[in-house]
Amino acid sequence: MRRGRLRVLLGAAPGVGKTYTMLEEGRRLAGEGHDVVVAFVEAHGRKATAAMVDGLEVVTRRTEVHRGMALEEMDVDAVLARKPEIALVDELAHTNAPGSRHPKRWQDVEDLLAAGIDVISTVNTQHIESLGDVVLQITGVPQRETIPDSVLRAADQVEVVDLAPQALRDRLASGLVYPAERVDAALSNYFRLGNLTALRELALLWLADEVEQALKTYRAEHGIDRKWEARERVVVALTGGPEGETLLRRGARIASRSSGGDLIAVHVTSPDGLQARHPGALDHQRTLVEQLGGTFHQVVGEDVPRALVDFARSVDATQLVIGVSRRSRLAAAFTGPGIGATVVRESGDIDVHIVTHAAAGRTISLPRLGGALSRNRLIAGFAVALIAGPLLSWLLATYRTDSSITSDVLSYQLLVIVVALIGGIWPALFSAVLSGLTLNVLFVEPRYTLTINDPRQFLALVLFVTNALLVSYVVDQAARRTRVAQRATAESQLLATIAGSVLRGEDALQAMVTRTREAFGLTGVRLIVDGEPRVTDGERAGEDRITNVPIGSRAVLELHGQDLAASERRLLGVIATQLEQAIEHGALAEAAEAADELAETDRLRSALLAAVGHDLRRPLTSASAAVSALRSTDIELPPAERTELLDTAAESLDSLAELVTNLLDVSRVQAGALGVTLAPTDLADIVFPALDELGLGPGAVELDLPDDLRPVLADAVLLQRVVVNLLANAVRHSPPDQRVRLAASSFQDRVELRVVDRGPGIPLERRGAVFVPFQRLGDTDNETGLGLGLALSKGFVEGMDGRLEVDDTPGGGLTMVVTLPAATAEEEHE
C-alpha cells in the first residue's frame with residue numbers, strides 16, 4: 001500500500017493563518033475533484049476560520065471524559081474507516097486526552113499516513129522540540145506540547161505561513177485572534193513585537209536548515225561532491241576607471257539572482273596600470289555601490305591580483321567580477337599576462353567573470369613598478385635580449401655589406417635601449433655585453449673570432465655598456481617616482497575612505513580600525529583606550545605578531561599580523577593622529593552631553609520657579625483668605641460658614657503640602673538622590689490600598705490579578721504612589737460608562753502592571769512630552785497641579801529598576817504599562 005504524504009504548514013506564532021490556509025487549500029483540492037475531509041480543525045472562536053469549514057465534509061469527533069470534563073479529540077478509527085484521499089488535521093503537536101488511541105496527535109497522523117491517506121497539518125515554531133529552550137528564552141513561556149524534530153523533518157513538504165509581526169499585532173488588536181478580554185495580556189507578553197520578530201526568524205531559519213539538509217541528502221544520493229553555493233557573495237573589483245559602473249551593475253544582477261545575495265565592491269589602491277583616469281570616478285562608484293545595497297572596501301596591495309583574490313576569500317566570495325584590461329595588445333605583449341589572467345589562475349573555486357566594457361584595450365599604460373621594477377619586467381627584458389638579439393644578428397648578417405657596419409652598430413645600440421626600457425639595468429647590461437661581443441664576432445674583421453685589434457673596438461663595447469647604464473638609470477628613477485606617486489595616491493585614497501566613512505555616519509573609531517585592518521592586510525586590530533578594549537575588528541590568532549602603536553597618552557593600537565614596512569608605518573602614523581583626534585572628540589562629546597544634562601536641570605529649575613509663581617500662589621491665597629476671614633472680629637460668621645472656611649483652608653494646605661512633596665520628589669529624581677528600599681512586594685497589597693485612597697470601587701475599575709502572580713521587587717510606598725497617579729489619570733480621562741481596567745501578568749523575570757482606559761488617548765507626536773515635568777496635556781484649568789504626576793511616576797519606576805511606557809489600547813484609549821523585576825525565590829524568603 002502506498003504511504004500517504006504529509007504536508008505541514010509551519011507558523012511563527014498563533015494567529016498567522018495556518019488553519020485558515022489549510023482549510024483554503026482543502027477547499028481548492030476539493031474543488032479539483034479530490035476526496036477531502038476535515039479530520040480535526042480547531043477554529044478557536046475565529047469566525048473567518050469557522051466559515052472556511054462550510055462546504056467540506058467533517059468527520060465526527062470522539063469525546064473523552066477526563067476528571068469530569070468532556071474533551072473532544074480526532075476519531076482516528078472513523079477517519080480510517082472513511083479512508084479519504086486527503087485529511088485535514090489541525091495542531092499536529094497536540095496532546096490527546098487520556099484514553100485516546102495515542103498520547104500525541106502526530107502519532108494518530110502516522111496511522112493515517114500508513115493507511116495511504118495524505119495529511120495536511122499545522123504546527124507552530126514553539127512546538128518544535130529542539131527549539132523549546134530558545135522559545136522559552138524569547139517568550140518566557142514554557143511549552144508543554146512539542147513534536148520531535150524527526151517527525152517534522154520526515155514530512156514530505158513543509159511550508160512557512162508567514163505574516164509580518166506588526167500585521168499580526170494589528171490582527172490581534174482587532175479581535176481576530178483572541179477574545180477582547182485576552183488581547184491586552186497577549187499584546188504585552190507573548191505577542192510583543194520583538195518576540196514575534198524573533199519567532200519569525202526561528203521559523204525561517206528552521207525551514208532554511210531543512211532545505212539545506214534536503215539538498216545535502218539529494219547530493220549524497222546522486223554522488224555530487226562539488227560545493228553548491230545557494231547564496232551568492234559577489235565581489236566586484238574597481239579600478240577607479242570608467243568601466244566601474246558597468247562592473248557594479250553586472251555584479252548586482254548576479255547577486256540578485258540568489259535570494260539574499262551580497263554585493264561587495266573592492267578597490268586595490270596600488271593598481272597595475274589601471275589607475276583611475278577621471279577624478280571623482282571612484283567616489284561616484286562608491287555611492288553607486290551603496291545605492292545598489294552593497295558595501296565598499298579599500299585595500300592596499302603590492303600584488304594586485306593576489307590582494308584581490310585574498311580579499312575575495314576573506315569575505316567567502318562565490319563570484320568575482322573584473323573588467324577586461326584597458327591595456328593595448330602591444331602593452332600586453334611586452335608585460336605578459338595581466339591582472340585578469342592571474343586572477344583566473346589564482347581564484348580556485350571562486351567563479352571569475354571578466355566583463356568587457358567600452359574602455360577595453362583603448363589605452364597603453366606601463367605596469368606597476370615594484371621595487372623599482374617588477375620581476376615580470378625583469379624577465380621580459382632578458383627574454384627580449386635572448387630572442388631579439390639572435391633575430392637581429394641573423395637579419396644584419398643576411399643583408400651585410402662592406403659599408404653597413406655603421407647601421408649594424410646603431411641597430412645593436414637600439415636593441416640595448418629597448419631592453420633597458422623594458423627590463424632595467426640587469427637585462428640591459430646583459431644585452432649590451434652580448435651585443436658588443438656579437439658585433440665583434442660577426443661583423444668586425446677578422447670575422448668569426450673574438451679579437452680586439454683596435455682600441456676603438458673596446459671603446460664601442462664600453463659605450464654599449466655606458467648607454468645601457470644611463471638608460472636603465474633613467475627608467476629605474478621613473479619607475480621609483482611612479483611607485484612613490486602611486487603609493488601617495490593609495491594613502492590619500494585610504495584616508496579619504498576613512499573620512500568618508502565617518503561623514504556617512506559610521507562610528508569614527510570603528511571605521512578607522514576596520515579600514516586599518518583592511519588596508520594593511522592584518523588579521524586583527526584592537527584599539528585599547530585607558531587600559532580597556534574599545535574597538536576590535538578581525539580575529540587574533542596566537543601565532544600572530546603583535547605590534548603596539550601608541551595613540552597619544554591614553555590609547556594603544558594593537559596590530560595582529562605581519563610587520564609593516566617603513567612607508568606603511570608612516571601612513572599608520574597619520575591614522576594614529578586621526579584616531580587620537582577622534583578619541584579626544586569623543587571625550588569632548590561626553591563632556592558636552594554632561595553639559596546638556598546640566599542645561600536640562602537648569603531648564604527644569606526655571607520651569608519649577610515659573611510654576612511656583614502661579615500654582616503655589618493659588619492654595620496659599622485660598623488658605624490665607626480663609627484664615628483671615630476666621631480671625632476677623634468685624635463680622636459674625638454663622639457656624640456653617642466657619643466650617644466651610646475651615647474646610648477651604650484645610651484643603652488648600654493639603655494641596656500645598658502635596659505640591660511641595662512632589663516638588664521635592666522631582667528634585668531628588670533629577671539629582672539621582674531618590675531613596676528607594678526594594679523588597680518583595682505583592683501587587684495586591686499595593687493595588688487595593690490605592691483603590692481605597694482614590695475611593696474607587698468595582699463600578700469604576702475592573703481588576704485582573706492572577707492568583708499565581710509572582711511578587712515584584714519594589715518600594716511599596718513609591719509603587720503605591722505610581723498606581724494612584726496612573727489610576728487617577730485613567731479615571732479622569734475615561735468615559736463615564738467605561739471602566740478602567742487594571743491587569744497584571746508575569747513575563748520571564750519581569751511582572752507587568754497595565755492600567756487601561758478607553759479615553760481619547762494621546763497623539764503619537766505628543767507621546768514624548770508625557771513624562772516631561774510641568775506638562776499638562778489636555779488640561780484647561782489649574783486644579784490638576786503642576787503636571788508632575790507622570791514625570792514622578794516614571795522616576796519612581798526607573799528608581800526601582802523598572803520601566804513605565806505608553807501603549808495604545810486596542811479599540812481606542814491609552815494603556816500605561818509598568819514593568820518591574822520579579823522577586824526571586826531567595827529574595828522572597830529573606
Side-chain angles (χ1 to χ4, degrees), residues 137 194 198 295-300 311 314-315 491 494-566 568-601 669-674 676 678 713 748-750 795 798-803 821:
Q137 293 176 5
T295 58
F296 178 86
H297 300 264
Q298 188 163 317
V299 298
V300 175
F311 176 83
S314 70
V315 297
E491 293 175 357
L494 174 60
L495 297 176
T497 299
I498 293 175
S501 300
V502 176
L503 291 175
R504 286 191 296 273
E506 300 179 22
D507 179 76
L509 296 179
Q510 182 66 60
M512 282 188 272
V513 168
T514 299
R515 302 309 179 198
T516 299
R517 182 189 63 79
E518 292 177 350
F520 299 115
L522 301 171
T523 58
V525 178
R526 184 168 64 166
L527 178 63
I528 301 174
V529 181
D530 296 329
E532 297 292 332
R534 175 75 66 86
V535 180
T536 301
D537 189 81
E539 299 178 355
R540 303 185 303 278
E543 63 275 9
D544 284 344
R545 183 183 297 275
I546 299 177
T547 303
N548 291 324
V549 180
I551 308 295
S553 59
R554 297 180 52 195
V556 173
L557 190 63
E558 192 177 89
L559 309 179
H560 294 255
Q562 61 186 358
D563 285 336
L564 301 183
E568 293 174 329
R569 288 182 178 273
R570 182 178 60 82
L571 176 59
L572 187 61
V574 177
I575 296 177
T577 301
Q578 292 195 359
L579 278 171
E580 182 180 6
Q581 293 175 352
I583 293 172
E584 292 301 324
H585 182 271
L588 291 175
E590 293 175 359
E593 185 176 351
D596 289 340
E597 293 179 359
L598 292 176
E600 177 65 15
T601 302
V669 169
Q670 294 294 330
L674 181 66
V676 179
L678 300 180
L713 194 62
Q748 292 187 347
D749 58 347
R750 315 289 284 182
E798 291 179 348
M800 293 182 285
D801 192 26
R803 299 192 310 272

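- Put simply, the side chain of T523 gets close to the backbone of H560: a donor and an acceptor are under 3.5 Å apart.
- Between R554 and E580, the closest side-chain pair of non-hydrogen atoms is not below 4.5 Å.
- Scored by the side chain to side chain contact (heavy atoms under 4.5 Å, CB included) test, A555 finds L527, V529, I551, I583 as partners (sequence neighbours excluded).
- Under the side chain to side chain contact (heavy atoms under 4.5 Å, CB included) criterion, D749 pairs with no residue, sequence neighbours left out.
- In this view, R534 satisfies the side chain to side chain donor-acceptor pair (under 3.5 Å) rule with no residue, not counting sequence neighbours.
- Contact of the V525 side chain with the L557 side chain is registered, since non-hydrogen atoms from C-beta on lie closer than 4.5 Å.
- Inter-residue side-chain proximity for M800 and L678 is flagged as met; some heavy-atom pair is nearer than 4.5 Å.
- Residues R750 and D801 come closest through the heavy atom pair NH2-O, 3.1 Å.
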